Amino acid sequence: MIHSLFDLEDNERHEITDHLFRKLDQYYTHTHLLPVAPVLNQKEIRDAVRKFDFNEVKDRQESLDAIVEALEKYTVHISHPAYFGLFNPRANYAGILADLISAVFNIQMAAWSHAPFAAEAETWLVEQFGLKFGYAPESVDGVFCTGGAEANQTALLCALNHQIPDFGENGLAGMEKKPVIYCSAQSHHSLIKAARTAGVGASAVRAIGVLPDLRMDTAELESAIQADLSQGFLPVMVAGTAGTTGPGAIDDLPAIAAICRKYHLWFHVDAAYGGAVVLHPEYRHWIRGIEESHSITFDIHKWLSVPMSCSLFLTKETQILKKTFSIETGYMPRDARGLEITDPFTHSIQWSRRFIGFKLFLSLVFYGWKGYADTIEYQVKMGDLLKEKLVRAGWKINNHSRLPIVCFTDKNHENDANFAPAICNYVVKSGKAWISVFPIDTRPALRACITNYATTEKEIDELILLLAEAKTAAGYQP
Ligand SMILES: *Cc1c(COP(=O)(O)O)cnc(C)c1O
């Protein structure tokens with residue numbers, strides 16, 4: 001029977017599920033025992049994949065075991081408490097369950113009427129987060145995206161549609177003025193990608209210089225806007241960043257807001273990582289000014305610790321998503337029995353899509369706002385501890401973020417371009433921790449971020465020791 005081929009026979013399915021869940025639970029509870037990063041041997045990894053040739057169906061349980069073991073062996077374990085990496089979280093358990101439930105129901109989010117509970121849940125989250133970020137209750141709209149890149153692209157498309165009334169109909173064709181957008185030189189590169197895919201081109205992105213504290217130089221921003229206006233360009237949007245990807249700088253959002261008001265520009269805030277501080281009553285003022293934005297990118301799959309992928313795009317221009325993305329069709333199901341509803345496909349780059357917001361919904365159900373506030377506070381405190389211990393061990397800190405991100409060097413070797421990469425390489429190769437290199441002022445610095453809620457003082461102490469060991473091993477004076 002074809003049906004039982006794809007569903008599997010009941011017995012086999014139950015056996016596989018029980019076995020797999022035990023194995024996954026083993027991974028989840030014992031991640032800390034694995035090397036954080038694998039030794040990369042491309043041939044071996046490719047062979048491990050290609051031994052599955054799909055011509056013959058082998059024992060399913062054995063195949064699954066082999067695949068899970070290969071993933072354990074050939075993956076950087078961002079769930080590991082000594083992963084001090086790039087905003088990638090350990091996935092909380094609510095988020096994992098939500099992804100599973102979502103797959104079993106195979107929820108289709110394109111039209112409200114196919115998934116009314118799911119659509120209303122996402123709408124509720126959009127409203128709640130709009131309020132958290134300081135938008136007025138009557139002017140909050142938004143949509144769940146696959147990630148910050150899609151959310152930033154959504155922002156640019158909304159800005160273009162807002163500033164250029166017939167952009168949706170005629171695109172850039174026939175426009176006398178070339179649209180330009182502004183962000184800092186430290187902004188995320190997804191903004192450049194957004195410019196390319198939106199058709200304005202990468203040359204439309206003005207990368208404004210940063211001050212010594214790595215925040216956008218807003219005086220330079222204003223001069224650049226004036227220069228563009230006088231040269232016949234069409235300034236469209238300024239994107240401030242709340243928590244840059246490298247050093248976690250938070251741009252002067254009130255100053256950018258004032259410039260956007262003065263020149264009638266769309267003000268977007270890329271708060272992919274740093275937006276999380278809005279959930280803590282004592283930290284939320286760090287991103288003050290975000291409430292003045294037209295739109296916000298906030299990645300849920302970063303600091304809010306759900307599995308990838310999940311991001312939130314918010315806007316206070318309640319008609320703009322519809323204007324940008326709504327399409328009339330004769331075939332999409334419509335039946336909402338007269339309720340005022342939003343069909344997600346009219347708000348999004350995506351059409352058919354999964355219940356992306358569920359991971360956030362279930363996390364809030366399981367842990368509440370308080371659970372998030374406590375976790376964020378814990379990670380900030382671990383970040384402070386890491387900074388303190390690095391200083392005590394003689395390292396020099398190059399960034400000044402209150403977020404739990406630290407970029408650091410050794411003052412004796414900071415001009416040696418090989419130093420940071422050598423130390424980083426040693427740490428990563430050891431499998432005992434994962435850090436990265438980020439250039440500050442063009443000089444490579446080491447970068448560590450408390451991106452995992454399971455990181456404790458123990459992993460921090462071990463990292464400090466490992467860094468000292470790395471210095472000696474790489475031939476530098478301790
Ligand atoms: C991570 C990040 C992005 C990109 O988000 P994805 O979820 O990886 O697509 C954009 N902006 C900032 C500031 C980021 O940190």
Side-chain angles (χ1 to χ4, degrees), residues 76 78 83-89 91 95 99 129 133 142-157 159 181-198 202 205 207-208 210 214-216 237-253 256 267-278 286-287 290 293 295-314 348-350 353-354 356-357 359-360 376 379 383 399 401-407 436 438-439 447-452:
V76 173
I78 61 181
Y83 176 81
F84 295 91
L86 303 167
F87 299 154
N88 298 308
D99 257 3
F129 276 83
F133 279 105
V143 69
F144 278 88
C145 300
T146 50
E150 187 195 334
N152 280 341
Q153 191 187 15
T154 301
L156 177 54
L157 292 169
I181 65 173
Y182 306 83
C183 58
S184 94
Q186 295 274 332
S187 296
H188 194 268
H189 289 77
S190 57
L191 285 164
I192 296 175
K193 212 189 229 193
R196 283 165 52 181
T197 51
V205 182
I208 305 298
V210 294
L214 304 172
R215 307 196 303 165
M216 188 194 291
M237 170 176 108
V238 183
T241 305
T244 53
T245 315
I250 297 170
D251 285 337
D252 184 346
L253 303 178
I256 299 175
F267 174 29
H268 176 64
V269 179
D270 181 354
Y273 170 70
V277 302
V278 86
W286 295 352
I287 57 172
I290 199 166
S293 65
S295 60
I296 298 168
T297 286
F298 178 39
D299 265 0
I300 311 303
H301 65 204
K302 284 183 175 162
W303 206 343
L304 298 198
S305 302
V306 303
M308 278 161 236
S309 41
C310 182
S311 182
L312 189 51
F313 172 80
L314 293 168
S348 171
I349 293 172
Q350 301 180 62
R353 71 162 165 93
R354 68 188 288 125
I356 301 175
K359 296 178 254 213
L360 177 57
I376 288 158
Q379 287 179 263
N399 68 327
S401 183
R402 284 188 275 200
L403 304 172
I405 305 171
V406 55
C407 297
S436 57
F438 186 83
R447 178 188 182 281
C449 175
I450 307 288
T451 187
N452 185 328

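Atoms within a ligand are numbered from 1 in the order they appear, just like the ligands themselves. Remember, predicted model here, so these are calculated numbers, not experimental data.
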Hey, are Thr451 and Asn88 close enough side-chain-wise for a donor-acceptor pair under 3.5 Å?
no

Please write down residue, atom name and distance for the protein heavy atom closest to atom 11 (N) of ligand 1.
Asp270 OD2, 2.6 Å

Taking 4.0 Å as the limit for heavy-atom contacts, which would you say applies to Thr297 with ligand 1: side chain only, backbone only, both, or neither?
neither

If you apply the rule ring pair (Phe, Tyr, Trp, His ring centres under 6.0 Å), what do you find for Phe313 with Phe298, and how did you get there?
CA-CA 6 Å; Phe313 172 80; Phe298 178 39; over 10 Å; no

Of all the atoms in ligand 1, which lie at a distance below 4.0 Å from a heavy atom belonging to Gly147?
7 (O), 9 (O)

Within ligand 1, which atoms have a heavy atom of Phe87 less than 4.0 Å away?
15 (O)

Going by side chain to side chain donor-acceptor pair (under 3.5 Å), name the residues that satisfy it together with Asn152, two or more places apart in sequence or in a different chain.
Ser190, His268, Asp270, Thr297

Output yes when the distance from some N or O of ligand 1 to some N or O of Asp299 is under 3.5 Å, and no in every other case.
yes

Nearest-contact summary for atom 3 (C) of ligand 1 - protein heavy atom, Å:
Lys302 NZ, 3.3 Å

Holding to salt bridge (Lys or Arg N to Asp or Glu O under 4.0 Å), I want the full list of residues that pass it with Asp252, two or more places apart in sequence or in another chain.
none

Angle class for the Tyr273/Phe87 ring planes (parallel below 30°, perpendicular above 60°, tilted otherwise)?
parallel

Walk me through it: do Glu150 and Gln350 pass the test side chain to side chain contact (heavy atoms under 4.5 Å, CB included)?
CA-CA 9 Å; Glu150 187 195 334; Gln350 301 180 62; 3.0 Å; yes

Short question: side chain of Ser295, backbone of Leu314 - any donor-acceptor pair under 3.5 Å?
no

Just to confirm my output: which protein heavy-atom neighbour is closest to atom 9 (O) of ligand 1, and how far is it?
Ala149 N, 2.8 Å

Return yes when His301 approaches ligand 1 closer than 4.0 angstrom through a heavy atom, no otherwise.
yes

Return a yes/no value for Gly148: is any of its N or O atoms, backbone included, closer than 3.5 angstrom to an N or O of ligand 1?
yes

Determine yes or no for a side-chain-to-main-chain donor-acceptor pair under 3.5 angstrom, with Asp251 supplying the side chain and Arg215 the backbone.
no

Atom 10 (C) of ligand 1: the protein heavy-atom neighbour that sits closest, reported with distance to 0.1 Å:
His188 CG, 3.3 Å

Using heavy atoms and a 4.0 Å limit, tell me yes or no: is Ser190 in contact with ligand 1?
yes

